[in-house]
Amino acid sequence: MDNSAYLAAESPLPVGFDGARVEAAVRELLIGIGEDPDRQGLRETPARVARACAEIFSGLGKDPAQVLAKTFDISHDEMVLVRDIKFFSTCEHHLMPFFGVAHICYIPPKDGRVTGLSKLARLVELYARRPQVQERLTTEIADALVDVLRARGVMVVVECEHLCMTMRGVHTPSSRTVTSAVRGQLRDPATRAEAMGLINRSH
């Protein structure tokens, strides 16, 4: 299949992406909701949506080990925290956006190696750019830090607004869903309290 029309320099195509098939599906969707895909305002919509999907779902098939591969030996054995990592994702139940922030706290492995701070943001982006549910997104980030980075302790807290709740269904604007995943030494009550205190300091 020729996907050259959907390539974006900053976002490699998702594994298995078929742009022509996405376009055909969007055209059928427009017909299905009672629209005319051949009217002037919609003629280019299938192609636009396909290009958007190539970027929005670019995390599919990516390996978190590649994101966390580079580490630095600074013999650091205290917690590292990055707050307010903004991201956008897509609810796999309704294919509508959800968005918010992730807070990541980890205790490096015994050898004191740490990953670059920007890599934590890239890890969030990797998992967010897939059809997702917030609970799994939170767990996947935490597990990658344990499995790949060998972190001795991990806490991931994710706060999101879901458009499938605000635009449809119960219609609850500005409601936020909070999920967390805790691993290893951060299960210790005192350590966990310290991490939560740092996360909530400016909230």
Side-chain angles (χ1 to χ4, degrees), residues 1-67 84-104 120-145 156-181:
M1 70 188 83
D2 181 10
N3 281 316
S4 57
Y6 312 102
L7 284 169
E10 67 280 3
S11 300
L13 290 175
V15 174
F17 181 81
D18 186 337
R21 198 166 187 174
V22 174
E23 288 194 38
V26 173
R27 183 178 173 83
E28 285 300 310
L29 174 64
L30 291 171
I31 294 170
I33 64 172
E35 262 289 3
D36 175 11
D38 292 316
R39 72 173 174 82
Q40 184 174 359
L42 292 176
R43 286 176 194 160
E44 300 300 319
T45 295
R48 291 190 191 104
V49 173
R51 289 193 296 271
C53 285
E55 182 177 354
I56 291 168
F57 300 116
S58 60
L60 285 168
K62 285 188 177 178
D63 185 354
Q66 293 181 330
V67 174
D84 299 318
I85 300 170
K86 294 182 180 179
F87 71 91
F88 295 84
S89 192
T90 305
C91 167
E92 66 181 31
H93 296 153
H94 300 96
L95 293 183
M96 297 185 74
F98 67 94
F99 56 91
V101 294
H103 315 290
I104 298 178
L120 298 178
R122 290 188 181 278
L123 182 66
V124 172
E125 184 180 68
L126 181 150
Y127 285 118
R129 287 178 180 251
R130 301 176 177 185
Q132 270 292 9
V133 294
Q134 182 177 334
E135 297 88 342
R136 185 174 65 230
L137 171 68
T138 308
T139 297
E140 287 176 333
I141 295 167
D143 288 344
L145 290 168
V156 178
V157 178
V158 176
E159 307 174 49
C160 289
E161 181 174 341
H162 293 251
L163 292 193
C164 59
M165 286 183 61
T166 60
M167 289 183 66
R168 57 162 298 282
V170 294
H171 297 281
T172 54
S174 300
S175 64
R176 295 178 73 81
T177 300
V178 181
T179 51
S180 67

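- To the nearest 0.5 Å, atom NE2 of residue H162 and atom OG of residue S89 are 9.0 Å apart.
- With sequence neighbours left out, E35 forms a salt bridge (charged side-chain N to carboxylate O under 4.0 Å, His left out) with R39.
- Residues A54 and L13 approach most closely at CB-CD2, 3.5 Å, considering heavy atoms.
- Screening residues 40-53 for salt bridge (charged side-chain N to carboxylate O under 4.0 Å, His left out), with sequence neighbours left out, gives no hits.
- Sorted by first and then second residue, the ring-ring contact (aromatic ring centres under 6.0 Å, His included) pairs with a member in residues 28-59 form an empty list; sequence neighbours excluded.
- The CD1 atom of I56 sits 15.5 Å away from the CZ atom of R130 when rounded to the nearest 0.5 Å.
- Remark: the T179 side chain and the Q134 side chain contain an N/O donor-acceptor pair separated by less than 3.5 Å.
- Applying the ring-ring contact (aromatic ring centres under 6.0 Å, His included) definition to pairs two or more places apart or across chains, those involving residues 13-56 are Y6-F17.
- Between A102 and V124, the closest heavy-atom pair is CB-CG2, 4.1 Å.
- Atom CG of L120 is separated from atom CG of L145 by 6.5 Å, given to the nearest 0.5 angstrom.
- Of the inter-residue distances, the one linking R122 atom CZ with Y127 atom OH reads 15.5 Å to the nearest 0.5 angstrom.
- Shown here are the side chain to side chain contact (heavy atoms under 4.5 Å, CB included) partners of T139, two or more places apart in sequence or in another chain: D143, R183.
- Taking CD1 from I104 and CD1 from I85, the interatomic distance works out to 4.0 Å, rounded to the nearest 0.5 Å.
- Here the closest heavy-atom approach between residue M96 and residue L163 is recorded as CE-O, 3.8 Å.
- With sequence neighbours left out, the side chain to side chain contact (heavy atoms under 4.5 Å, CB included) criterion links A65 to D63, V148.
- For R168, the salt bridge (charged side-chain N to carboxylate O under 4.0 Å, His left out) test picks out no residue, with sequence neighbours left out.
- Not counting sequence neighbours, E161 has no partner by the salt bridge (charged side-chain N to carboxylate O under 4.0 Å, His left out) test.
- Here R27 pairs with D38 under the salt bridge (charged side-chain N to carboxylate O under 4.0 Å, His left out) rule; sequence neighbours left out.
- Shown here are the side chain to side chain donor-acceptor pair (under 3.5 Å) partners of T166, two or more places apart in sequence or in another chain: there are none.
- Atom CZ of R21 has 12 or fewer neighbouring heavy atoms from other residues, nucleotides or ligands inside a 6.0 Å radius.
- Under the side chain to side chain donor-acceptor pair (under 3.5 Å) criterion, R136 pairs with E92, Q132, sequence neighbours left out.
- Residue pairs meeting the ring-ring contact (aromatic ring centres under 6.0 Å, His included) criterion with at least one member in residues 26-49, sequence neighbours excluded, do not occur.
- How far CZ of F98 is from SG of C91: 7.0 Å, rounded to the nearest 0.5 Å.
- Of the possible polar contacts, none joining the H94 side chain to the C164 backbone as a donor-acceptor pair under 3.5 Å is found.
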